[in-house]
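I have placed the structure first, in the form of structure tokens, so that the comments after it can refer back to it.
Atoms within each ligand, like the ligands themselves, are counted from 1 in listed order. For clarity, every value in this text was computed on a predicted model and none was experimentally measured. What you see below is based on every heavy atom in this structure, not just the backbone, and it leaves out hydrogens, waters and symmetry mates.
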Amino acid sequence: MVGETTWLFGLPCSGKTTLAEGLVGPKTVHLDGDYLRDTLNTDLGFSKEDRTENLRRAAGIAEGLNKQGFDVVASFITPYESQREMIREKVSDVAFVHVKAPIDVCEERDVKGMYEQARKGKIENFTGIDAPFEVPEQGEGVLEVQTAMHSKKENLKEINMELNRQSEPSHVFLGRWQPLHDGHRTIIDSVADNREVVVAIRDTELSEKNPFTAQERKELIEDVYSNHPNVEVMIVPDIDTVTVGREVGYSVVSVPEEIAEISGTETRQEYEQCELLTGKHLSD
Ligand SMILES: Nc1ncnc2c1ncn2[C@@H]1O[C@H](COP(=O)(O)OS(=O)(=O)O)[C@@H](OP(=O)(O)O)[C@H]1O
Ligand SMILES: Nc1ncnc2c1ncn2[C@@H]1O[C@H](COP(=O)(O)OP(=O)(O)O)[C@@H](O)[C@H]1O
């Protein structure tokens with residue numbers, strides 16, 4: 001199975017990196033202008049020729065990764081139409097997203113203080129100040145997202161929907177959650193900050209290792225995530241085997257070791273001592 005590339009382009013501080021980080025999944029590689037320029041492309045500056053070479057290399061890596069089955073999210077200014085044309089020719093399955101915000105908003109954000117330096121003449125050829133950004137014509141097969149008018153969440157939703165990149169929710173976390181502890185929260189949060197998730201609670205029989213009813217665990221998790229719009233909680237039967245089709249768009253991810261080590265037993269003991277969750281059934 002080959003992968004696909006989503007190429008985000010736009011002015012400095014328009015929101016390319018921020019949105020790219022929200023689009024990466026477990027089998028996605030993120031190629032970012034800043035990172036590549038700090039590593040592979042330290043020999044390049046910001047003349048038109050150097051930018052084209054920077055983007056030629058990035059496009060080559062993206063195509064190579066796609067061929068090996070990885071999806072790529074690329075975030076580069078990509079200021080010239082001729083450069084976007086070159087990328088179209090080099091990357092077989094590429095979708096362009098123009099990350100758009102008015103220049104004064106970008107300048108106001110000035111995440112790295114570069115606009116200020118460019119205004120003072122300390123940086124030359126700065127895109128939007130003294131180097132051009134060619135705005136794509138309408139109907140050029142480019143999706144446009146407005147980051148000054150819409151939130152990051154709305155932008156991500158639009159990109160995913162328009163490019164058909166994923167159906168929502170994107171992740172299901174299946175577990176006993178007896179009870180939810182910091183390790184669980186770390187893995188759920190790492191995805192839920194950017195994607196919609198379902199926390200599925202196995203309806204286990206009560207025992208020493210399973211002291212909380214499914215309803216109690218559901219209420220606890222809903223309470224913890226009450227302000228988090230991306231988390232949906234549901235009770236499912238006591239599933240003990242998960243079977244997934246091959247190459248039909250799923251990936252199965254195991255919990256990282258350092259998180260697996262966080263002890264559920266200790267957490268249960270702590271909860272049993274606190275009034276909030278003594279669990280009426282335990283004293284019945
Ligand atoms: N002169 C000049 N013009 C534009 N940008 C500059 C310049 N000098 C340094 N930087 C920093 O480099 C980041 C852009 O690199 P890119 O590789 O995305 O640029 S390009 O596509 O090759 O035009 C860009 O990062 P982003 O703000 O994330 O876009 C800047 O931080
Ligand atoms: N809707 C939005 N999408 C993306 N970024 C946004 C949005 N609204 C505000 N921002 C902010 O704009 C800034 C964009 O910075 P960054 O992602 O580094 O831009 P770029 O990679 O284009 O230079 C971040 O501080 C981010 O929090």
Side-chain angles (χ1 to χ4, degrees), residues 5-24 30-62 72-88 90-91 94 96-136 142-162 193-195 229-230:
T5 293
T6 307
W7 198 287
L8 308 182
F9 68 100
L11 288 169
C13 301
S14 55
K16 302 180 294 298
T17 308
T18 306
L19 293 181
E21 283 166 357
L23 292 168
V24 293
H30 178 195
L31 297 178
D32 186 68
D34 269 338
Y35 176 75
L36 242 63
R37 283 175 172 281
D38 278 347
T39 50
L40 181 69
N41 294 341
T42 47
D43 55 324
L44 300 175
F46 288 89
S47 65
K48 182 174 178 187
E49 292 68 31
D50 276 9
R51 288 176 196 256
T52 303
E53 175 58 14
N54 175 42
L55 297 165
R56 188 192 67 78
R57 293 179 194 174
I61 299 171
V72 170
V73 176
S75 43
F76 295 84
I77 298 176
T78 331
Y80 292 94
E81 191 46 45
S82 59
Q83 294 166 341
R84 300 190 287 261
E85 210 37 60
M86 173 194 68
I87 293 160
R88 260 192 205 97
K90 289 196 174 299
V91 186
V94 62
F96 282 99
V97 180
H98 180 197
V99 180
K100 199 171 178 187
I103 182 89
D104 50 322
V105 172
C106 295
E107 194 164 351
E108 177 97 356
R109 288 175 179 163
D110 207 7
V111 183
K112 289 167 271 178
M114 286 198 166
Y115 279 94
E116 194 186 348
Q117 290 192 48
R119 287 280 182 210
K120 288 181 180 159
K122 290 185 182 160
I123 301 178
E124 288 185 350
N125 280 335
F126 194 78
T127 310
I129 305 294
D130 58 348
F133 179 82
E134 293 178 356
V135 176
V142 171
L143 173 66
E144 184 181 288
V145 293
Q146 311 264 1
T147 66
M149 290 196 302
H150 299 287
S151 68
K152 172 184 163 186
K153 193 179 172 206
E154 289 167 334
N155 293 150
L156 290 174
K157 210 167 215 167
E158 189 181 357
I159 296 171
N160 285 323
M161 219 171 63
E162 292 294 328
D193 283 345
N194 295 312
R195 315 276 285 270
N230 290 0

Does only the side chain of [X] get under 4.0 Å from ligand 1, or the backbone, or both, or neither? Count heavy atoms.
X	answer
C13	backbone
F46	side chain
L55	side chain

What's the shortest distance from [atom] to any protein heavy atom, and which residue and atom give it?
atom	answer
atom 21 (O) of ligand 1	T78 N, 2.9 Å
atom 14 (C) of ligand 1	I77 CD1, 3.5 Å
atom 23 (O) of ligand 2	C13 N, 2.7 Å
atom 23 (O) of ligand 1	R51 NH1, 2.8 Å
atom 25 (O) of ligand 2	V111 CG2, 4.0 Å
atom 1 (N) of ligand 1	N125 O, 2.8 Å
atom 11 (C) of ligand 2	R109 NE, 3.9 Å
atom 21 (O) of ligand 2	T17 OG1, 2.5 Å
atom 24 (C) of ligand 1	D34 OD1, 3.9 Å
atom 29 (O) of ligand 1	K16 NZ, 2.9 Å
atom 24 (C) of ligand 2	T18 OG1, 3.7 Å
atom 31 (O) of ligand 1	K112 NZ, 2.7 Å
atom 15 (O) of ligand 1	R37 NE, 3.2 Å

Kindly identify the option in G10, G15, P12, S151 whose heavy atom sits closest to atom 19 (O) of ligand 2.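 Looking at heavy atoms only, G15 sits closest to atom 19 (O) of ligand 2.
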Out of Q117, K48, M114, R109, indicate the one that has the non-hydrogen atom closest to atom 11 (C) of ligand 1.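 Going through Q117, K48, M114, R109 one by one, M114 has the nearest heavy atom to atom 11 (C) of ligand 1.
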Check for me whether R51 meets the cation-pi criterion with F76, that is, NZ or CZ under 6.0 Å from the six-membered ring centre and within 45 degrees of the ring axis.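 Here R51 fails the 6.0 Å and 45° test against F76.
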Looking only at heavy atoms of S14, does any of them come nearer than 4.0 Å to an atom of ligand 2?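 Per 4.0 Å heavy-atom rule, S14 contacts ligand 2.
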Do F133 and I77 come close enough that some side-chain heavy atom pair is under 4.5 Å?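 Side chain of F133 against side chain of I77, heavy atoms only: contact under 4.5 Å found.
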Using modelled atom types and a 3.5 Å cut-off, is there a donor and acceptor pairing between side-chain atoms of K100 and backbone atoms of L11?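 Flag not set: sc K100 to bb L11 has no pair under 3.5 Å.
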Is the backbone N or O of K48 less than 3.5 Å from a side-chain atom of T52, with the two atoms forming a donor-acceptor pair by type?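 Yes; judged by distance alone, with no hydrogens or angles, the pair exists.
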Which bit of [X] gets closer than 4.0 Å to ligand 2, counting heavy atoms only: side chain, backbone, both or neither?
X	value
H150	backbone
N155	side chain
A148	neither

With rounding to the nearest 0.5 angstrom, report the OH to SG distance, Y115 to C106.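 Here the interatomic distance stands at 4.5 Å.
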Taking atom CG of D110 and atom CD of Q117, what is their separation to the nearest 0.5 Å?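 If I round to the nearest 0.5 Å, the distance is 8.5 Å.
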I'd like to know whether ligand 1 has Q83 as a neighbour, heavy-atom separation below 4.0 Å.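 Contact absent.
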Would A131 count as a contact of ligand 1 if the rule is a heavy atom under 4.0 Å away?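 No, A131 has no heavy atom closer than 4.0 Å to ligand 1.
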Give the atom numbers and elements of ligand 2 that come within less than 4.0 Å of a heavy atom of L11.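 Near L11, the atoms of ligand 2 are 22 (O).
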Indicate yes or no: does an N/O atom of L19 lie under 3.5 Å from an N/O atom of ligand 2?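 No, L19 has no N/O under 3.5 Å of an N/O on ligand 2.
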